[in-house]
Amino acid sequence: MHDLSTMIASLRRPRLLTRAARIGAQDYDRERHLQRILGFGTLPKPSASLIRLMELEREVNAMRKYSDAAYSLVRHLDLLIAVIGEAQLYRASRASQYQ
């Protein structure tokens, strides 16, 4: 299995979708966004939440690719925004471990 950093780096999505998610990630609020996406309760560490978010995003992306009627662009953007936000937190926590 690939490590988390490799999984993040290998994520490829349409340019417009990625651009919108990057803009949305500027206002990412972990408490508010993750509670809505993952449900209520204690929030997991960035690495654990990132793995779960990437699983959910992979499922939604498959729906997009196969033109599934249940596909939601808003849901997909929410997930990508959270993935980008959590990836930034993950990288920051990794960087602080090595300093």
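Just so you know, these numbers use all the heavy atoms, side chains as well, and skip hydrogens, waters and symmetry mates.
Contacts of Arg52 classified as side chain to side chain donor-acceptor pair (under 3.5 Å), with partners at least two apart in sequence or in another chain: Glu55. By the side-chain contact (heavy atoms from CB on, under 4.5 Å) test, Arg30 is found to be paired with Tyr28, Leu34, Leu43, Pro46, Ser49, Glu86, Leu89, residues two or more places apart in sequence or in another chain being considered. For Glu31, the salt bridge (Lys or Arg N to Asp or Glu O under 4.0 Å) test picks out no residue, with sequence neighbours left out. Every residue meeting the side-chain contact (heavy atoms from CB on, under 4.5 Å) condition with Arg75, not counting sequence neighbours, appears here in chain and number order: Ile37, Leu56, Val60, Ser72, Leu79. Checked against side-chain contact (heavy atoms from CB on, under 4.5 Å), Ala69 has no partners two or more places apart in sequence or in another chain. Remark: Ala21 engages Leu77, Leu80, Ile81, Ile84 in a side-chain contact (heavy atoms from CB on, under 4.5 Å) (not counting sequence neighbours).
Sorted by first and then second residue, the pairs that involve residues 12-28 and meet salt bridge (charged side-chain N to carboxylate O under 4.0 Å, His left out), not counting sequence neighbours, are Arg13-Glu57. Screening residues 6-26 for ring-ring contact (aromatic ring centres under 6.0 Å, His included), with sequence neighbours left out, gives no hits. Screening residues 33-44 for side chain to side chain donor-acceptor pair (under 3.5 Å) gives Arg36-Asp78 as the qualifying pairs, with residues at least two apart or on separate chains.
No hydrogens or angles considered: nothing links the side chains of Arg58 and Asn61 as a donor-acceptor pair under 3.5 Å.
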